[in-house]
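In listed order, ligands and their atoms are each counted from 1. Nothing here was measured: the structure is a model prediction, and the numbers come from that model. Residue numbers count from 1 along this sequence.
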Amino acid sequence: MNGYNPKEIEQRWQKRWIEEKTYKAEEKSSKEKYYQLETFPYPSAAGLHVGHPKGYIAEDIHARFMRMKGKEVLYTMGWDAFGLPTENYAIKIGKSPKEVAEENIKNFKRQVQMFGLSYDWDREINSSSPEYYKWTQWLFIQLFKKGLAYRKKANVNWCPSCKTVLANEQVVDGACERCKTIVEQKEMEQWFLKITDYAERLINDLNSPVGELDWPEPTIKRQLDWIGKSVGVSITFPLASIPGQDDGKHSVEIFTTRPDTLFGATFIVISPELAEKWINVGWQAPEEVRNYIKESLKGTERERLENADDKTGVDTGIKAVNPGTKEKIPVWVADYVLGSYGTGAIMAVPAHDDRDLQFAKKFKLPIKKVIEPETPQTVARNAEDIAMEVGSEIKVVSECYGGEGTLVNSGDFNGKTSESARKLITDKVDGKEKTQYKLRDWSVSRQRYWGTPVPVIHCEKCALQDPSGQGIVPVPEDQLPVLLPELEDYRPKGVPPLASSEEFINIPCPKCGGQARRDPETLDTFVDSSWYFLRYTDPHNEEQPFEKLKVNHWMPVDLYVIGAEHTVLHLLYARFITKFLHDEGYLNTIEPFLKLRHVGLIQGSDGQKMSKSRGNVVNPDEVVGEFGVDAFRLYEMFMGPFEHGQPWDPQGILGTERFLKKIWTYVEIWKKNYEADGGKGYDEQNTNGEIEKLLNKTIKKVEEDIKSFSFNTAISALMIFTNKIREELSTGFKKNTPLTILQLEKFIKILHPFAPHITQELWEQLGNDTTLTFEPWSQYDEKLLKEETITIAIQINGKTRDTVHVQRGSSKEDVEKVVLENTIVQKWIKDSEIEKFIFVPDRLVNICLKE
Ligand code: ANZ
Ligand code: ZN
């Protein structure tokens with residue numbers, strides 16, 4: 001008897017699969033397509049830890065399953081290789097980022113291949129290769145031509161140490177995520193992509209017309225929150241007096257979602273940004289105000305939001321006129337009002353807005369109630385009431401009422417509902433409807449080296465002819481890619497590193513031939529990853545980013561598995577770019593990802609996030625080297641619910657290793673029995689009722705669990721069946737009702753997606769020469785799954801009145817007899833005559849009575 005030698009088996013099969021291109025995806029196939037995508041990983045220098053492959057393994061299980069279900073599966077892999085981490089690491093070890101990226105990719109690829117993932121390796125892509133970024137540049141130019149890529153001055157997060165602009169999410173607690181230096185705000189001209197033009201569609205298409213998006217509810221919600229649509233009105237408040245300046249000519253426009261509360265607006269708050277604008281046009285602001293503005297503009301908007309509990313602000317001395325009450329109210333500057341939202345100014349209604357209330361209390365500003373709750377008793381009681389009742393000393397959290405109700409203290413509008421008053425008051429004060437989004441345009445320029453060069457040229461001569469005065473000329477498409485030059489010194493130096501390469505920068509203008517300069521910036525890696533799933537459909541096309549027929553054949557992605565941290569930005573950008581390319585006629589689909597699942601992190605055995613500094617990183621090379629990859633795959637899927645995080649348990653894999661050894665041994669024993677018996681009885685169908693029943697149940701369970709990503713429970717079911725095999729091998733054999741070849745093969749097939757190597761090997765040992773992933777998935781027979789007794793509903797005139805238990809498959813006559821003996825039924829029927837007795841086998845009966 002041969003022992004189970006996973007290493008030998010796994011390496012042999014993996015080699016064969018790669019050499020024979022077993023998993024090649026063909027668009028010409030007659031089978032229905034199924035496109036599976038997983039995050040395009042960033043190949044870090046550290047290589048993979050055991051947490052990384054969890055999502056890949058799940059996708060591979062799913063891909064193998066879908067092939068067995070008769071689908072042509074596109075499933076592949078690529079590298080998101082540009083970006084800061086590679087560049088920083090290269091700087092640290094004194095190599096070029098290109099070299100570092102190549103090495104990292106090589107190591108990643110070796111590791112990834114070790115997991116036996118059924119990728120079509122012919123479609124591998126690398127975002128830092130000119131063959132790929134040529135098309136990222138092409139995409140940028142298409143956006144530019146449509147006015148969706150533009151330059152504007154904007155405040156950016158600037159890391160004085162990395163000397164680069166940081167995205168908001170790279171700023172943690174006000175410091176650079178990488179080097180921990182305190183981040184400054186700096187005004188710079190930047191490239192932006194106008195994603196805000198798509199805000200409405202990015203909201204609507206989450207529901208219709210696609211309608212079939214199967215995304216986790218919280219992810220949809222986070223997308224909606226990020227886009228943050230709110231419908232309100234802008235209202236103009238005349239300024240009554242500006243100390244030292246003329247009265248009557250100035251006004252301030254506010255944005256509100258609650259114009260019905262206008263009569264309760266007891267002061268105005270403007271953002272520091274707006275205050276600064278006023279100063280720039282001549283407002284003689286007091287020193288105190290100037291200082292406050294300067295201080296508050298140091299922080300990022302995000303920090304201001306986070307610190308919003310501690311309200312700060314100053315009185316400007318200016319008075320505005322409330323257009324409802326005609327009263328003069330003070331204008332304050334405070335940083336809880338954001339310059340980039342709405343109009344950058346608010347009417348403060350402290351009686352009905354929490355933030356305004358905190359501010360009013362701190363600065364002793366008047367509070368005026370204008371909304372009376374409709375039904376006071378149903379309004380949630382505030383913390384103070386509750387605290388009083390339980391005798392504790394909790395401070396008041398909120399005493400303002402933010403809901404709907406009836407207007408009071410509002411002149412002619414008293415007694416109106418807040419709902420109706422919104423329109424009435426808006427009309428009365430000539431308010432303008434305004435829809436506001438929290439979504440901002442996407443800042444894409446990076447002042448770093450290791451990225452896709454921005455494919456435009458700045459020409460001073462052309463700028464003279466350009467009404468915008470910018471003179472931006474896109475690189476002609478037949479001159480793409482703009483190659484990233486190799487630089488001696490690519491370290492950040494305050495100006496983009498590419499600016500220091502005269503050779504790269506100086507170039508004749510493609511439009512006028514005059515002396516011009518290339519753009520020295522590179523693109524955010526989120527641009528690279530905003531379209532990679534389209535390139536997979538036609539990865540080697542040199543003439544186009546992808547052929548229309550091919551992209552339309554494979555898109556949309558049917559299943560996308562990504563980390564739980566990617567719920568907002570990447571998805572939003574990819575959706576935006578898909579819609580844009582759709583609008584430009586390059587593809588049919590408007591939503592890129594139909595079904596989305598998030599993978600939960602695997603933590604170190606200490607329950608903490610795996611990291612080098614904690615020393616809790618588990619290297620998959622070691623684990624796979626010791627136990628084999630099939631055991632590894634099973635363990636990762638068996639750890640717990642897929643979407644949850646779980647700590648790595650070094651003992652856990654022993655269980656799945658044992659499980660595989662058992663299967664190996666049982667098949668060996670089975671073969672011996674088979675040979676000893678000359679195969680008698682083994683080839684017949686369904687010889688053994690009990691094992692056949694459990695097998696059918698297991699097939700159904702595993703199938704449903706793969707579809708719903710409940711891999712752990714699928715594996716439990718497979719384990720239960722394995723124990724049954726052992727029982728059968730000893731007792732069934734004696735009873736001369738052996739486990740049939742068909743049963744054994746059906747089991748091996750459903751185990752295959754989880755443990756592809758051992759199953760392929762056993763499949764061969766049982767005399768087959770086909771590739772398991774292309775074998776049809778095992779069928780089960782519903783009839784064998786049904787429990788013996790079932791519950792049937794009894795309806796009388798269509799209303800359910802009771803239930804009865806009967807044998808499954810009972811006849812109408814049998815059921816009728818039981819039902820008519822039921823006392824509740826008898827009570828309902830009383831003296832009525834039964835007109836009809838409707839019988840739905842195994843489900844219900846409906847007794848229709850004559851009127
Ligand atoms: C008066 C009012 C009364 C408000 C009330 C709310 C409740 P969303 O839904 O998030 O759009 N607001 C407007 N512009 C702002 C800015 N630049 N910075 C900070 N806050 C701003 O919120 C809209 C509400 O947020 C607006 O409606 C305004 O406060 C405030 F009982 O106006 B409201
Ligand atoms: Zn020019």
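- The cationic group of Lys152 lies under 6.0 Å from the six-membered ring centre of Phe192 and within 45° of the ring axis, placing it in a cation-pi geometry.
- Among pairs with a residue in residues 562-583, those fulfilling salt bridge (Lys or Arg N to Asp or Glu O under 4.0 Å) read Arg201-Asp583, Asp205-Lys579, Arg575-Glu591, Lys579-Glu591, at least two apart in sequence or across chains.
- One finds a salt bridge joining Arg597 and Asp214 here, because a Lys/Arg side-chain nitrogen approaches an Asp/Glu carboxylate oxygen to under 4.0 Å.
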For Arg448 and Thr522, run side-chain hydrogen bond (donor to acceptor under 3.5 Å, both in side chains): C-alpha distance rounded to whole Å, both residues' side-chain angles, the deciding distance at 0.1 Å, then the answer. CA-CA 6 Å; Arg448 295 290 291 244; Thr522 53; over 6 Å; no

Could you go through ligand 1 and list every pair where one of its N or O atoms sits under 3.5 Å from a protein N or O, giving the atom names and the distance to one decimal?
{"unit_1": "ligand 1", "atom_1": "10 (O)", "unit_2": "Lys438", "atom_2": "NZ", "d": "2.9"}
{"unit_1": "ligand 1", "atom_1": "11 (O)", "unit_2": "Ser230", "atom_2": "OG", "d": "2.5"}
{"unit_1": "ligand 1", "atom_1": "11 (O)", "unit_2": "Tyr341", "atom_2": "OH", "d": "2.5"}
{"unit_1": "ligand 1", "atom_1": "17 (N)", "unit_2": "Leu338", "atom_2": "O", "d": "2.8"}
{"unit_1": "ligand 1", "atom_1": "17 (N)", "unit_2": "Tyr341", "atom_2": "O", "d": "2.9"}
{"unit_1": "ligand 1", "atom_1": "18 (N)", "unit_2": "Leu338", "atom_2": "N", "d": "2.9"}
{"unit_1": "ligand 1", "atom_1": "25 (O)", "unit_2": "Arg355", "atom_2": "NH2", "d": "3.3"}
{"unit_1": "ligand 1", "atom_1": "27 (O)", "unit_2": "Thr256", "atom_2": "OG1", "d": "3.3"}
{"unit_1": "ligand 1", "atom_1": "27 (O)", "unit_2": "Thr257", "atom_2": "N", "d": "3.1"}
{"unit_1": "ligand 1", "atom_1": "27 (O)", "unit_2": "Thr257", "atom_2": "OG1", "d": "3.3"}
{"unit_1": "ligand 1", "atom_1": "32 (O)", "unit_2": "Thr256", "atom_2": "OG1", "d": "2.7"}

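- Legend: salt bridge (Lys or Arg N to Asp or Glu O under 4.0 Å) pairs involving residues 269-289, not counting sequence neighbours, sorted by first then second residue: Glu273-Arg304.
- Pairs passing the side-chain hydrogen bond (donor to acceptor under 3.5 Å, both in side chains) check and including a residue from residues 424-435, sequence neighbours excluded, read Lys423-Asp427.
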